[in-house]
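Below you'll find the structure, written out as structure tokens, and then a few comments.
Each ligand, and each atom within it, is numbered from 1 in the order the structure gives.
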Amino acid sequence: MITTEPARGSLLAIEPMDARQISRLLQLARRMNPDRPRPLLRGKRVLLLFYEPSTRTRSSFEIAAKSLGAMTTLVLSSGSSIEKGESLLDTGYTLRAVGADVIVIRHPQAGAPLLMASHLDIPVINAGDGMHEHPTQALLDAYTILRHKKTLKGLRIAIIGDIYHSRVARSWMHLLSKFQAQITLCGPPEFLPDVASEFVSGVHITRTIEDAIRAADVVMVLRVQKERLAGVKISLQDYISRYQLTLARLKLARRDALLMHPGPIIRGLELTWEVADCPQSAIVEEVKNGVPLRMAVLAAALGKAN
Ligand code: ASP
């Protein structure tokens with residue numbers, strides 16, 4: 001079946017969503033609890049199609065689906081017909097033909113989930129596409145922040161690290177700016193090109209980590225995305241000395257500041273061992289919150305949001 005509009009119920013990116021749609025998903029997530037399973041999706045089949053490595057996203061989607069009574073099937077690019085050269089769309093048609101009700105896809109190319117959603121009649125959920133977006137990560141992080149802070153409006157949020165190669169950073173910026181947070185981006189030019197300020201309006205850019213962190217309510221740190229660095233020359237030693245989040249640097253933030261990171265964390269690179277485990281760290285909580293949030297996303301995708 002060929003359609004031009006993405007299939008109803010798809011979640012492809014934060015950019016086209018409005019604040020009300022986002023708030024509705026966050027509210028729904030508050031009513032979800034994997035320890036109190038609800039059979040909202042009994043009999044539904046959730047296909048997890050992963051062309052790139054994943055630990056948190058994949059396992060939490062699977063647990064979320066099962067907590068709602070759905071069946072899950074995992075297809076990885078290695079070991080499947082994708083290795084034999086099957087196209088993305090043919091894989092999608094195949095998964096639809098075996099009875100998928102929803103496809104959760106992670107793919108190295110930006111736009112792959114949109115392409116699939118435009119050709120299938122079942123919802124497609126983006127679990128990360130290239131350097132484009134990772135919408136459920138941004139949603140679970142908004143959910144996490146709102147468990148500690150009353151509102152996103154006016155919050156001072158510092159985003160530090162490899163911003164250019166990060167789909168999470170893009171989804172964060174779209175989401176946080178829809179709720180009028182004050183965003184400061186910080187990183188070296190290789191990870192935050194000078195031209196960024198021309199494209200990202202209303203966002204402050206600094207090359208000095210201390211400036212970014214001072215008085216922040218939330219400090220978000222990103223991994224150096226080594227798998228996307230082809231052709232980028234950067235000294236990791238220099239990076240560590242100028243941009244690594246240390247306890248001394250974190251002290252510049254507000255006393256009640258939250259430290260966040262989408263994972264996987266590389267201790268000793270973008271943050272120190274002590275920072276990863278400090279009392280302000282919400283890193284484990286983010287992972288935990290991924291389950292109710294993804295329960296909400298799956299339920300909404302299949303029209304069971306009530
Ligand atoms: N897990 C996130 C992603 O898939 C962040 C990262 O890999 O650094 O984009």
Identify, by atom number and element, the atoms of ligand 1 in contact range of Arg106, meaning under 4.0 Å from any of its heavy atoms. 4 (O)
Report yes if the distance between the aromatic ring centroids of Tyr239 and Phe191 is under 6.0 Å, otherwise no. yes
Indicate yes or no: does Arg58 engage Glu62 in a salt bridge with an N to O separation below 4.0 Å. no
For ligand 1, which atoms sit closer than 4.0 Å to a heavy atom of Arg223? 6 (C), 7 (O), 8 (O)
Would Gly128 count as a contact of ligand 1 if the rule is a heavy atom under 4.0 Å away? no
Of Pro53, Ser59, Ser54, the residue whose pairing with Thr57 passes side chain to side chain contact (heavy atoms under 4.5 Å, CB included): Ser54
Please assess His134 against Arg106 for the test side chain to side chain donor-acceptor pair (under 3.5 Å), listing each intermediate value before the final yes or no. CA-CA 9 Å; His134 192 347; Arg106 168 168 290 189; 3.2 Å; yes
With a 4.0 Å cut-off on heavy atoms, is Pro264 touching ligand 1? yes
Top protein contact for atom 2 (C) of ligand 1, by heavy-atom distance: Gly263 O, 3.5 Å
What part of Gln225, side chain from CB on, backbone N/CA/C/O, both or neither, has a heavy atom under 4.0 Å from ligand 1? side chain
Got a salt bridge between Arg228 and Glu190, using NZ or NE/NH1/NH2 to carboxylate O under 4.0 Å? no
Within the 4.0 Å heavy-atom shell around His134, which atoms of ligand 1 are there? 3 (C), 4 (O), 9 (O)
Below 4.0 angstrom, N of the basic side chain to O of the carboxylate: do Asp162 and Lys226 qualify? no
With heavy atoms under 4.0 Å as the rule, classify the contact between Arg167 and ligand 1 as side chain, backbone, both or neither. side chain
